[in-house]
Amino acid sequence: MSAPGQAPSAGYAAVFVHEDVPTAEVDRLEALHRPLADSVRDLVDATIRTTVEDEEVRAVRAEVDALVARLRARQLDGPAGVRYNAEGRTWSWGNAVVGERNAVAPPLEVVRDPDGLVHADTVLGAAYEGPPGMVHGGVGALLLDHVMGVAASAHQRVTLTGTLTMRYVRSTPLGPVRVEARIEREEGRKVFVVATLGDPDGVTVEADGVFIVPRWAV
Ligand SMILES: CCCCCCCCCC(=O)SCCNC(=O)CCNC(=O)[C@H](O)C(C)(C)COP(=O)(O)OP(=O)(O)OC[C@H]1O[C@@H](n2cnc3c(N)ncnc32)[C@H](O)[C@@H]1OP(=O)(O)O
C-alpha cells in the first residue's frame, strides 16, 4: 500500500520502512526465500491431508520444531511490513495475499492490463476450505479485497478498503480460481471498484467496494 516517498501517518510508521538495499539484493533475497515459502505451503497441505501412523506424526513434529528453531536464530522483532528502496522497488514479504515469504498466502500474482483490468489466477487447496470441498467465504473476500485494492491504487496512490460488499452467487469449489477487478468510478478520495471471483465455470462471487485515499496520504 505504500509508495516511495509517501509519508504514512504515525500509526503506519512502524511498517512503512525505507531500506537502503539495492534492488538486485532485494531480488536475490526474494528468489532465495520464495521456494522456502512454497515448501512450507506444501507442508501445510501435507499436515492437513496426511494419514501416516501416530509415531510418524510425532517424529515429523519434532523435526519441524527443530527447523523452526533454526529459522528463529535470527529474525525480525515484528511483522515484515512494507519496505521500499531509493530505486522505487517495494516489497511486502509478509503480505497475507501476495507475500513472497508468506506460506499462508496463496501464491497470487496480480496482473494489470493496459485497459485497467486487474486480475489474478491461483489454485486454492485444502488449506483454504470452508464448506466441504469449497473455498472459505472469508478467503474469497481476502483475495477480492487485495485485488480490488490493487485496482484502486492504480500503482500510484495509497488506498485503504473503506467498505466491501460481497454477493456469494454460488459456492466456489477448491481448485483453480480467478479474480478480476476494475475501477468503476471515482469521487474525490473515494474509488469505487467492482470485482468478481470465479471458477472455470464462471462467476461465484460478485463484489463492489469503496476504497479511500486516506487524508494522511493526500
Ligand atoms: C500497490 C499496492 C496495492 C495493495 C493493495 C492492498 C489491498 C489491501 C486492502 C486492505 O486490506 S486495507 C486494510 C483494511 N482497511 C482499513 O484498515 C481502513 C481503516 N479505515 C481508515 O483508515 C479510514 O477510516 C479511511 C482511510 C477508510 C477513511 O479515513 P479518512 O479520514 O481519510 O476519510 P474521511 O472521513 O475524510 O472521508 C473521506 C470520504 O470517504 C468516505 N468514507 C470514509 N470512510 C468510509 C468507509 N469506511 N466506507 C465508505 N466511505 C467512507 C467519507 O464519507 C468521505 O466521503 P465524502 O468525500 O463524499 O464526504
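Note that the structure is predicted; figures quoted are calculated from it, not measured. Each ligand, and each atom within it, is numbered from 1 in the order the structure gives. Along the sequence shown, residues carry numbers from 1.
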Nearest heavy-atom pair of Ala217 and Val213: which atoms, and what distance? CB-CG1, 4.4 Å
Considering Gly209, Gly149, Ser92, which one's heavy-atom position lies nearest to atom 5 (C) of ligand 1? Gly149
Determine whether the side chain, the backbone, both or neither of Arg189 has a heavy atom under 4.0 Å from any heavy atom of ligand 1. side chain
Please find the pair of heavy atoms, one from Ala151 and one from Val193, that lie closest to each other, and give the distance. CB-CG1, 4.3 Å
Is there a polar contact, in the sense of an N or O pair closer than 3.5 Å, between His146 and ligand 1? no
Quick note on ligand 1: atoms under 4.0 Å from a heavy atom of Gly162 include exactly 46 (C), 47 (N), 48 (N)
Is the closest N or O pair between Val210 and ligand 1 shorter than 3.5 Å? no
As a check for students: among Ile212, Val158, Asp145, identify the option with a heavy atom nearest to atom 50 (N) of ligand 1. Ile212
Just go through Arg112, Arg157, Lys190 and tell me whose heavy atom is the nearest to atom 56 (P) of ligand 1. Lys190
Under 4.0 Å, counting heavy atoms only: does Ser153 come that close to any atom of ligand 1? yes
Between Val147 and Ala120, what is the shortest heavy-atom contact and its length? CG2-CB, 4.2 Å
Between Leu142 and His146, is any pair of side-chain heavy atoms under 4.5 Å apart? no
Which residues pass the side chain to side chain contact (heavy atoms under 4.5 Å, CB included) test with Arg72, sequence neighbours left out? Val68, Gln75
Residue Thr163 vicinity, atoms of ligand 1 by number, heavy atom under 4.0 Å: 46 (C), 47 (N), 48 (N), 49 (C)
State the CG-CG distance between Asp27 and Leu32, to the nearest 0.5 angstrom. 12.5 Å
Looking only at heavy atoms, is any part of Met148 under 4.0 Å from ligand 1, and if so is it the side chain, the backbone, or both, or is it neither? neither
Before signing off on this row, confirm whether Thr159 and ligand 1 have an N or O atom pair separated by under 3.5 Å. no
When rounded to the nearest 0.5 angstrom, what is the spacing between CZ in Phe192 and CD in Glu187? 4.5 Å
Counting heavy atoms only, which part of Thr161 comes closer than 4.0 Å to ligand 1: side chain, backbone, both or neither? both
Could you tell me which non-hydrogen atom of Ala31 sits nearest to which non-hydrogen atom of Pro35, and how far apart they are? O-CD, 3.0 Å
